[in-house]
Amino acid sequence: MKYNALKGMQDIFSPDIYIWQKVEEVAKDVFSAYGFQELRAPIIESTDIFVRSIGETTDIVEKEMYTFSDKAGRHITLRPEGTAPVVRCYVENHLYNLPSPQKFFYSGPMFRYERPQAGRFRQFFQIGAEAFGVGEPKIDAEILSMLRLFFERLGLKGLNFEVNSIGCEKCRPDYRNALLDFFSVRIDGLCPDCKRRFDYNPLRILDCKVDACIKLREGSPRVTDFLCGECKEHFNTLLSLLKLLNVPYVVNPDMVRGLDYYTRTTFEVTSKDLGAQNAVAAGGRYDRLVEDFGGPPTPAIGFAIGMERITTLLKSSSNHKIPVPKVFIATIGTPAEEEGLVIADRLRDKGIWVEVGYAGNSLKSQLRRADRLSSAYVLIIGDDEINSEKLKWKKLSDGSQGEIAFTEVYDFFK
RNA sequence: GUGAGUGUAGCUCAACGGGUAGAGCACUGGACUGUGGCUCCAGGUGUUGGGGGUUCGAGCCCCCUCACUCACCCCA
């Protein structure tokens, strides 16, 4: 019987795992500098949490969630995204009573039942961050700047920062109506998908990839022209702060977000070096969600980074060092093997990575293995060394070797 | 959910228009009785993803199925 990982789920191990660890480490360092603290929420929540926040008519909720009944018949769902659980945690634990802003980051697996393709999986990992309690655009700018620094620290170049504002509950209906007016006289020329979009989410027509639709939407109303006074001021202030902080952005009025809870600022970081799924990070403001979850009115903003997409970029962009053993202990004969094992453990106690040879292998094959592991040193122990209580060391990079007393070996490696 | 492409050794891939499978890498041992990288020699595995059909004969053709890949929808 042969088993495979489930469709759209993958195993991650050496050497890729070191890239993953690097990304997580950089995220933790950078986010901490901005005052974000790690938060770990369960990966399963009540189904309602996602339905209410993401939106009942979104694709995620309608057809992509891993939803089950537990043994007591509760409806539970493997989280398809990270924001809703954090908001639930924030409200449930009354974190709004703590000084604002409260800033959190998290990382872990998300689940969506989709057809896999390049950069898209059924289990995928995100690193996200959420900031609660600040409505000013200043924090929007800080978050974008934090993302810029994160990518910079990873050495990723050529990323595109796109920002937009989709308004608030006051101005968005006006814009939606203007769009409907605009497309209602052109609907016959739209692609079949956009004809559907016209009814359930006309904003989506704006990022259709069909040529005919691209042409038809020339001169369509721009969301930024329909923002109310407050939204407009928020957006303009954000843009000037981004300039101040040297975040290289592009305003993309056609950018649409897939989740219903977004308000005002939305943004996306994309790369040209990925496939069709080109977003490496995305997020925005969600000023109503905390209140919807039963908390006090609390503005908030957050984003999520797609781990697989970042690691894909890093794999092709630079060569990464993978850890190698410092010492390989090759032994001949049982007494030597036992002595080697003792020495190995003593060195390991000092935090040194030590590998040992195993029974049945010739010295030659042990050395070959040490070489293939790229071990820095080989220690050789046989009957002669046992008798003299000295072992031989060999440095594989230049072939130099020498002798050293058993008792001094612990100081030899520092 | 829709569409297209691909499944041959552990990995990367060969095998003219159907004649019952091969190379490189990797692995192990030896040449070099206790010294790696280079070279040479030797060693092994395939139910050709699975099932059915056509045929004297199928890795190759047909059907079904599974898996993977890419794209659409949608999205990190």
Using the P atom as the reference point in each nucleotide, state the distance between B/G37 and B/C66 in Å, no decimals. 49 Å
Quick one: label A/G399 by what it contacts on the DNA or RNA (base, sugar-phosphate, nothing), any heavy atom closer than 4.0 Å. base
Could you give the CD-to-P distance, from A/Q366 to B/U28, as a whole number of Å? 12 Å
In whole Å, I'd like the distance from the CD atom of A/Q126 to the C1' atom of B/A76. 5 Å
Whether A/R196 contacts B/C73 is assessed here as follows: a side-chain N or O lying under 4.0 Å from the phosphate OP1 or OP2. Is that the case? no
Keeping the roles fixed (side chain from A/Q102, backbone from A/G133), state whether a donor-acceptor pair exists under 3.5 Å. no
Base of B/U35, side chain of A/Q401 - is there a donor-acceptor contact under 3.5 Å? yes
Between A/K63 and A/E114, is the closest basic N to carboxylate O distance under 4.0 Å? no
Kindly indicate whether the side chain of A/E114 and the base of B/G1 share any N or O donor-acceptor pair separated by less than 3.5 Å? no
Does a side-chain N or O of A/K364 approach OP1 or OP2 of B/G36 to a distance below 4.0 Å, or not? yes
With rounding to whole Å, what would you report as the distance between B/G34 and B/A14 at their P atoms? 42 Å
If you measure from the C1' atom in B/G18 to the same atom in B/G24, how many Å do you get, rounded? 27 Å
Between A/R368 and B/G29, does any side-chain N or O lie under 4.0 Å from OP1 or OP2? yes
What is the nucleic acid contact for A/G283, judged by heavy atoms within less than 4.0 Å: base, sugar-phosphate only, or nothing? nothing
Would you measure the distance from the C1' atom in B/U20 across to the matching atom in B/A26 and give it in whole Å? 28 Å
Nearest-Å distance, OH (A/Y106) to P (B/A76)? 10 Å
Considering only heavy atoms and no angle criterion, is a donor-acceptor pair shorter than 3.5 Å present between the side chain of A/R120 and the base of B/C74? yes
Determine, for A/E45 against A/R88, whether the closest basic-nitrogen to carboxylate-oxygen distance falls under 4.0 angstrom. yes
Figure out the NZ/C1' separation between A/K7 and B/A67, and round it to whole Å. 7 Å
In whole Å, I'd like the distance from the CG atom of A/L206 to the C1' atom of B/C73. 17 Å
Specify the closest pair of heavy atoms between A/R122 and A/P116, including all atoms of both residues, with the distance to one decimal. NE-CD, 4.4 Å
Is the distance from OP1 or OP2 of B/U35 to the nearest side-chain N or O of A/K392 less than 4.0 Å? no
Does A/R372 have a side-chain nitrogen or oxygen under 4.0 Å from the phosphate oxygens OP1 or OP2 of B/C27? yes
What is the distance, to the nearest angstrom, from the CZ atom on A/R79 to the P atom on B/A76? 15 Å
Take the protein atom CG of A/D384 and the nucleotide atom P of B/U35, then report the distance between them rounded to whole Å. 12 Å
Report which part of the nucleic acid A/V280 touches: base, sugar-phosphate, or nothing (heavy-atom distance under 4.0 Å, all strands). sugar-phosphate
May I ask you to evaluate whether A/Q117 reaches the phosphate of B/C72, defined as a side-chain N or O under 4.0 Å from OP1 or OP2? yes
Classify the ring geometry of A/Y286 against A/Y262: parallel below 30°, tilted from 30° to 60°, perpendicular beyond 60°. perpendicular
Does the side chain of A/T58 get closer than 4.0 angstrom to OP1 or OP2 of B/C74 through an N or O atom? no
Figure out the CG/C1' separation between A/L6 and B/C68, and round it to whole Å. 14 Å
Look through every strand shown and name the nucleotide pairing with B/C72 as Watson-Crick or G-U wobble, where both distances are under 3.5 Å. B/G1
Would you call A/Q126 and A/I305 a side-chain contact if the rule is heavy atoms closer than 4.5 Å? no
